[in-house]
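Counting convention: from 1, in listed order, for ligands and their atoms alike.
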Amino acid sequence: MYKRVPGTRDILPEEVYSWQWIEEIARGILRNYAYQEIRTPVIEEASLFSRGLGEFAEIVQKQMFLIKNKEDTYALRPEGTASIVRAYIENNLDKIKKFSKFYYFGPMFRLERPQKGRLRQFHHIGAEAIGSIDPNIDIEVISLADTLLRSWGVNGYQIQINTLGCPEDKKKLVQLLEKELKDEAAALCQECQVRLNKNVLRILDCKNEACKQITAKLKLQDKHLCADCQEHFKEVRSGLDGLGVKYEVARHLVRGLDYYTRTVFEVKHGQLGAQDALGAGGRYDNLVEELGGPKVACVGFAFGVERLMLVTQPAAKTTGGLTAYLVTLGKEASREGRILLDQLRKNGIPCETDYEGRSLKGAMRAANELGVKLVLLLGEDELKKNVVMVKDMAAGSQEEVSRQELIEKLKEKLVQNSKRKDQN
Ligand code: AMP
């Protein structure tokens with residue numbers, strides 16, 4: 001028997017309702033914030049990521065799913081930002097308008113050791129604002145993330161923010177860290193000893209206890225930041241304060257990817273265990289140019305949907321909105337029922353019937369289990385009279401309705417049903 005690949009999941013219909021709930025809420029809010037959906041391929045040239053995310057980024061070094069053929073090496077995308085920037089450049093979107101806002105949903109792939117909250121195929125809901133250096137857009141993006149979390153009913157999350165500064169400031173920060181950590185090299189974990197020369201920023205968010213103790217002693221202030229970057233960060237903070245977005249400044253917060261500059265942020269949740277990040281993002285003011293496009297500044301974020309699922313209580317399971325269930329008795333009624341079902345569906349009434357040869361009792365039980373509002377009975381008697389027996393499950397009543405009036409009558413009944421529900 002085949003099994004799914006480790007680190008991947010089947011999302012079965014019952015759970016899909018929760019996914020749709022998360023996505024529908026997100027779509028509504030992203031639309032209110034004027035973001036437009038973009039869909040890019042799940043495979044890209046591998047070098048898009050090594051160039052964009054940085055050759056020494058952990059994702060590039062260890063986690064890429066590579067597909068090699070004779071001439072090219074492709075990668076299953078490990079994240080969305082680089083792909084969206086590629087699409088923005090390739091489709092000349094900057095020529096249409098300088099400033100654009102996108103959102104995306106979709107699977108991402110990282111070759112990691114699977115564990116709770118860490119999968120090899122997982123899903124992002126993300127947003128990217130391309131084309132503005134204005135701190136107002138950093139503020140909008142972080143408050144959008146906050147609004148999404150509230151709307152999904154997530155409680156107990158913390159937003160941490162920091163600034164890495166512009167590329168010159170980042171270089172200063174790297175030098176500062178290399179100098180401060182050089183003497184501690186032997187006490188760092190093996191991975192951080194490598195990072196010391198290649199990706200020193202990443203040492204700041206190493207989970208190893210020894211490394212954490214060493215980096216906690218570093219008195220990271222804003223000495224490496226130029227006046228512009230300090231001002232930018234000040235404005236971001238006061239804008240968030242003005243909107244009532246709660247956050248804390250975490251000087252140790254860095255993101256593992258080369259493209260981040262200035263504002264970075266992460267959303268953490270205590271219920272998630274070791275993999276405690278629900279989502280993360282920040283500014284990337286040089287990526288578009290680095291990948292061959294114009295010099296435009298950007299900011300964005302992504303949430304991990306599987307982790308959101310662990311901290312939300314999506315709306316109660318539903319039947320998928322089924323309204324009616326048709327029960328037919330006898331061959332002739334079954335043939336006529338096919339036509340009736342087709343008419344109902346084409347008129348916007350979601351309905352189902354039995355395909356398993358159930359008895360009347362069995363079919364009624366199936367209708368009950370599906371939680372439908374109406375059961376439609378079609379037997380020899382009804383055929384003769386050209387009517388359908390309509391049972392209203394909530395009211396406990398039934399009536400004969402002529403075939404000509406059936407669709408209108410069912411629509412009326414549904415309106416009455418939903419009014420009754422509102423009153424209760
Ligand atoms: P990142 O691009 O690593 O900042 O990821 C953004 C969000 O995606 C994280 O905060 C997680 O919620 C989620 N995420 C990242 N990697 C994984 C993974 N391997 N499995 C599940 N979710 C992930």
Side chains of [X] and [Y]: donor-acceptor distance under 3.5 Å anywhere?
X: Tyr35; Y: Glu140; value: yes
X: Glu290; Y: Tyr284; value: no
X: Arg237; Y: Tyr247; value: no
X: Ser83; Y: Tyr104; value: no

Check this for me - ligand 1, [X], N or O atoms closer than 3.5 angstrom, yes or no?
X: Phe303; value: no
X: His124; value: yes
X: Leu278; value: yes
X: Ala302; value: no

| task | Could you tell me if any non-hydrogen atom of Glu79 lies under 4.0 Å from any atom of ligand 1? | result |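 Per 4.0 Å heavy-atom rule, Glu79 does not contact ligand 1.
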| So is Glu112 close enough to ligand 1, meaning a heavy atom under 4.0 angstrom away? |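 Yes, Glu112 has a heavy atom closer than 4.0 Å to ligand 1.
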I need the atoms of ligand 1 closer than 4.0 Å to a non-hydrogen atom of [X], numbered in the order shown.
X: Ala280; answer: 4 (O)
X: Arg255; answer: 1 (P), 4 (O)
X: Leu119; answer: 18 (C), 19 (N), 20 (N), 21 (C)

| said: Is it the case that over 12 heavy atoms from other parts of the model lie below 6.0 angstrom from the NZ atom of Lys295? | reply: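 Yes - once you tally the heavy atoms of other residues, nucleotides and ligands closer than 6.0 Å, there are more than 12.
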| message | Taking atom NZ as the centre, does Lys411 end up with more than 12 heavy-atom neighbours from other residues, nucleotides or ligands that are less than 6.0 angstrom away? | response |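 For Lys411, atom NZ is crowded (more than 12 foreign heavy atoms under 6.0 Å).
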| task | Select the closest option to atom 13 (C) of ligand 1 among Pro78, Gly126, Gly304, Gly279, judged by heavy-atom distance. | result |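 Looking at heavy atoms only, the winner is Gly304.
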| said: Between the side chains of Glu58 and Arg195, is the shortest nitrogen-to-carboxylate-oxygen separation below 4.0 Å, so that they form an ion pair? | reply: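 A salt bridge is present here (some side-chain N lies under 4.0 Å from a carboxylate O).
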What protein heavy atom sits nearest [atom], and how far away is it?
atom: atom 21 (C) of ligand 1; answer: Gly117 O, 3.2 Å
atom: atom 9 (C) of ligand 1; answer: Ala277 O, 3.9 Å
atom: atom 3 (O) of ligand 1; answer: Arg110 NH1, 2.8 Å
atom: atom 23 (C) of ligand 1; answer: Phe122 CD1, 3.4 Å
atom: atom 11 (C) of ligand 1; answer: Arg307 NH1, 3.4 Å

| task | Quick one: closest heavy-atom pair of Gln230 and Asp222, and the distance? | result |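 That closest heavy-atom pairing would be NE2-O, 3.4 Å.
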| said: Using a 4.0 Å heavy-atom cut-off, which part of Arg118 comes near ligand 1: side chain, backbone, both, or neither? | reply: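 Both backbone and side chain of Arg118 come within 4.0 Å of ligand 1.
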| said: Parallel, tilted or perpendicular: which one describes the rings of Phe301 and Phe303, with boundaries at 30° and 60°? | reply: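 Taking Phe303 first and then Phe301, their aromatic rings stand perpendicular (interplane angle over 60°).
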| said: Quick check against the 3.5 Å criterion: does Asp392 have a side-chain atom that pairs as donor or acceptor with the backbone of Ser397? | reply: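 Absent.
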